[in-house]
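Heavy atoms only: backbone and side chains are in, while hydrogens, waters and symmetry mates are out. Every chain is numbered from 1 and lettered A, B, ... according to where its sequence line falls, protein lines coming before strand lines. Worth saying up front: this structure is predicted, and the values here are computed from it rather than measured.
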Amino acid sequence: MNSKDFYLALAEKKLIGSSCQVCGLQQVPQRKLCPQCHAENTQITTFSGKGTLAAFTVIRVPPMHMARAGYGSKTPYCVGIVALEEGPSVSAQILNVDLANPDEISIGMPLRMTTIKRESDPSERTYLAFEPC
Amino acid sequence: MRQSNWAREVAVVGVGMSKFGAFPEQSSRDLFVEAFLELRDIIDKDFELDQIDAFYLGNFSSDQFEKQAHLAPILANWVGLSPIPAVRVEGACASGGIAIRQGALAIAAGLADVVLVGGVEKMTDLEIAEVTEALATAADTLYEIPAGFTFPGFYAAMASAYMTEFGADQKAFHQVCIKNHQNGALNPKAQYNQTIAQIMAAKKARAVQKGKPSPEWENEGSFLSDPRANPSIAWPLSLFDCSPVTDGSAVLLLTESKKAKQFTDHPLYLVGSGQASDGALNERKTLFNIPAAVTAAKHAYAMAGLKPEQIDLAEVHDCFTIAEIMASEDLGFFDRGEGWKAALDGKTRRDGPRPINTSGGLKAKGHPVGASGIGQVVELWKQLRGEAGERQVEGDPQIGLAHNVGGTGQTCVVNILERRN
């Protein structure tokens, strides 16, 4: 179980994490050591990809890697924290929301997982994203 | 975590600070020397360099900002302190607050009687996009940054959670900005010496000068609500919600408390100190506050035997306006969900019942990240000794608190200082 497994799974459109075989704690991303009961007995779990929006922002001053992908002051994007139905939360880009009216994006709205590839990304990674459902 | 106390009490006996701002001519060592020279001049009584036993430096990332790692021995050498131990400590934007704690620990442990604590960051050599990239390394670069988060974005997300939970709006954020600029205007060391009203008037004058109609801003609030004047950076935060990119340095001299009066008649005693850590933002149970701040404050209050209402003034980590509001609740000054109302009501103004960031805060004084936590204590030193000039808080304040946050709250340090009559 290594860090890169998360992105390898995303390339197959799967959201993975780990579940502790001792206390049952679910984690995203996956971890070898359970931070709750400290057992070294976790297994990779595939999550349903269903959740709700817990916090978000619409970014108009992007970091370099997002600017390379075409985002900027006139082409903003939404990123947020998604509370998954299994319990843990995860950071992800939020697609298909009204970027011109962030007031209308509401915390608590149901989301489903999708993935995104970004332009001019030398890593050619697949990234985690969510969209309203 | 067990309840802690100093094995030996620690005092602050002198402070120094460079001007905060953008100084293309100066390197971090120049800024540090400027702060150190002020410290040397400020010590009331005899002070010889060879009295210093150790040096702790708070610095986030000279590696990225100046391509210079291993900065502590260089700075120690530059002010003539070799060969004493010189240690750099890093906790993102809380590096300075941690350096104070580490210096105090060295004294408490009996390893040192006199410790120099410094903080420095030289940030403006890089382009703004590069600065953003460097700061982003304080977050989780495996999972958070690839998602698209930036530092304004993290605090904006916390702001979205706060607004939804407590019904706050951006007007409360504007009040934090207006207040901190009013205080910064009275601080000669601050990066911004203009109030928002003055910035607004200057923009109006510039428009008229260019032959354009004068913008119709009625007051500071309408100026800050106008996206042309105050563009969105990461909704709900705009430009004037964000602390600036800053060059600067600040230093303190700490001693074992029994030796303090050898250096000054009016030392400050470090009566409480707490530090806590946390995971990435998505790991937290609540997103409308900074849990590590609650823990650090709890420990600092317990160690000092003080309650939040006994704190006369506080310097808090307002890297973004929302951060000051969350801090005012995490530190127990206001009930959860009441901090934004307190900001709107002016309770945290210099002349209010709970003065916060009389220095101008990170917002107006500037945020040279490794120096910020030490700059906070420089302000407490001035206020508690009655030396804050035009921005002096009335009522003979005796107890001050410094709250310094690293990253999105993966690190928080709270230090409480007391003047004794």
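Put simply, the side chain of A:Tyr77 gets close to the backbone of B:Gly148: a donor and an acceptor are under 3.5 Å apart. Put simply, the side chain of B:Asn282 gets close to the backbone of A:Ser89: a donor and an acceptor are under 3.5 Å apart. For A:Tyr7 (side chain) and B:Leu142 (main-chain N/O), a donor-acceptor pair under 3.5 Å exists by modelled atom type.
Taking chain B as the reference chain and counting heavy-atom pairs below 4.5 Å, the highest number among A:Ile116, A:Ile105, A:Asp103, A:Ile94 is found for A:Asp103. Interface check for chain A: of the options B:Pro231, B:Gly153, B:Ala159, the most heavy-atom pairs under 4.5 Å are formed by B:Gly153. Among the candidates A:Pro29, A:Gly80, A:Ala92, A:Ala83, the residue making the largest number of heavy-atom pairs closer than 4.5 Å to chain B is A:Pro29. Heavy-atom pairs under 4.5 Å with chain B peak, among A:Val58, A:Val82, A:Asp121, at A:Val58. Of the listed residues (A:Pro63, A:Ala67, A:Gly108), the one with the most heavy-atom contacts under 4.5 Å to chain B is A:Pro63.
Here A:Ile81 contributes atom CD1 and B:Leu281 contributes atom CG; the two are 4.0 Å apart, rounded to the nearest 0.5 Å. Here the straight-line distance linking atom OG of B:Ser160 with atom CG of A:Leu53 works out to 7.0 Å at 0.5 Å rounding.
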How far apart are the C-alpha atoms of B:Thr150 and A:Val61, what are their side-chain angles, what is the distance that settles it, and do they pass the side-chain contact (heavy atoms from CB on, under 4.5 Å) test?
-> CA-CA 9 Å; B:Thr150 58; A:Val61 179; over 6 Å; no

Begin from the C-alpha positions of A:Thr57 and B:Tyr155 and carry the test side-chain contact (heavy atoms from CB on, under 4.5 Å) through to its verdict.
-> CA-CA 9 Å; A:Thr57 176; B:Tyr155 280 86; over 6 Å; no

Check step by step if side-chain contact (heavy atoms from CB on, under 4.5 Å) holds for A:His65 and B:Ile145.
-> CA-CA 9 Å; A:His65 68 100; B:Ile145 299 304; 3.7 Å; yes

B:Trp235 and A:Cys78: side-chain contact (heavy atoms from CB on, under 4.5 Å), yes or no, with the steps?
-> CA-CA 9 Å; B:Trp235 186 92; A:Cys78 181; over 6 Å; no

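Shown here for B:Ala161 and A:Ala55, the closest heavy-atom pair between the two residues is CB-CB, 4.3 Å. Nearest heavy-atom pair, A:Arg125 versus B:Pro146, reported as atom, atom and distance to 0.1 Å: NH1-CG, 3.8 Å. Across B:Ala147 and A:Arg118, no two heavy atoms sit closer than the pair O-NH2, 3.4 Å.
For B:Ser232, the parts lying under 4.5 angstrom from a heavy atom of chain A are both the backbone and the side chain. For A:Met64, the parts lying under 4.5 angstrom from a heavy atom of chain B are both the backbone and the side chain. Proximity to chain A is limited to the side chain of B:Leu287, based on heavy atoms less than 4.5 angstrom apart. For a residue to count as touching a neighbouring chain, one of its non-hydrogen atoms must lie under 4.5 Å from one of that chain's; by this rule A:Pro102 touches chain B with backbone and side chain alike. Proximity to chain B is absent for every atom of A:Leu128, based on heavy atoms less than 4.5 angstrom apart. The parts of B:Ala129 that come within reach of chain A are both its backbone and its side chain, each placing non-hydrogen atoms under 4.5 angstrom from that chain. Contact of A:Tyr71 with chain B is not made at all, since no heavy-atom distance falls under 4.5 Å.
Two residues are said to be in side-chain contact when any heavy atoms from C-beta on lie closer than 4.5 Å; B:Thr164 and A:Phe56 fail this criterion.
Within a 6.0 Å sphere centred on CD of B:Glu130, heavy atoms belonging to other residues, nucleotides or ligands number more than 12. The 12-atom threshold is exceeded at NZ of A:Lys117, counting heavy atoms of other residues, nucleotides or ligands nearer than 6.0 Å.
By the 4.0 Å N-to-carboxylate-O rule, A:Arg31 lies close enough to B:Glu283 to be salt-bridged with it.
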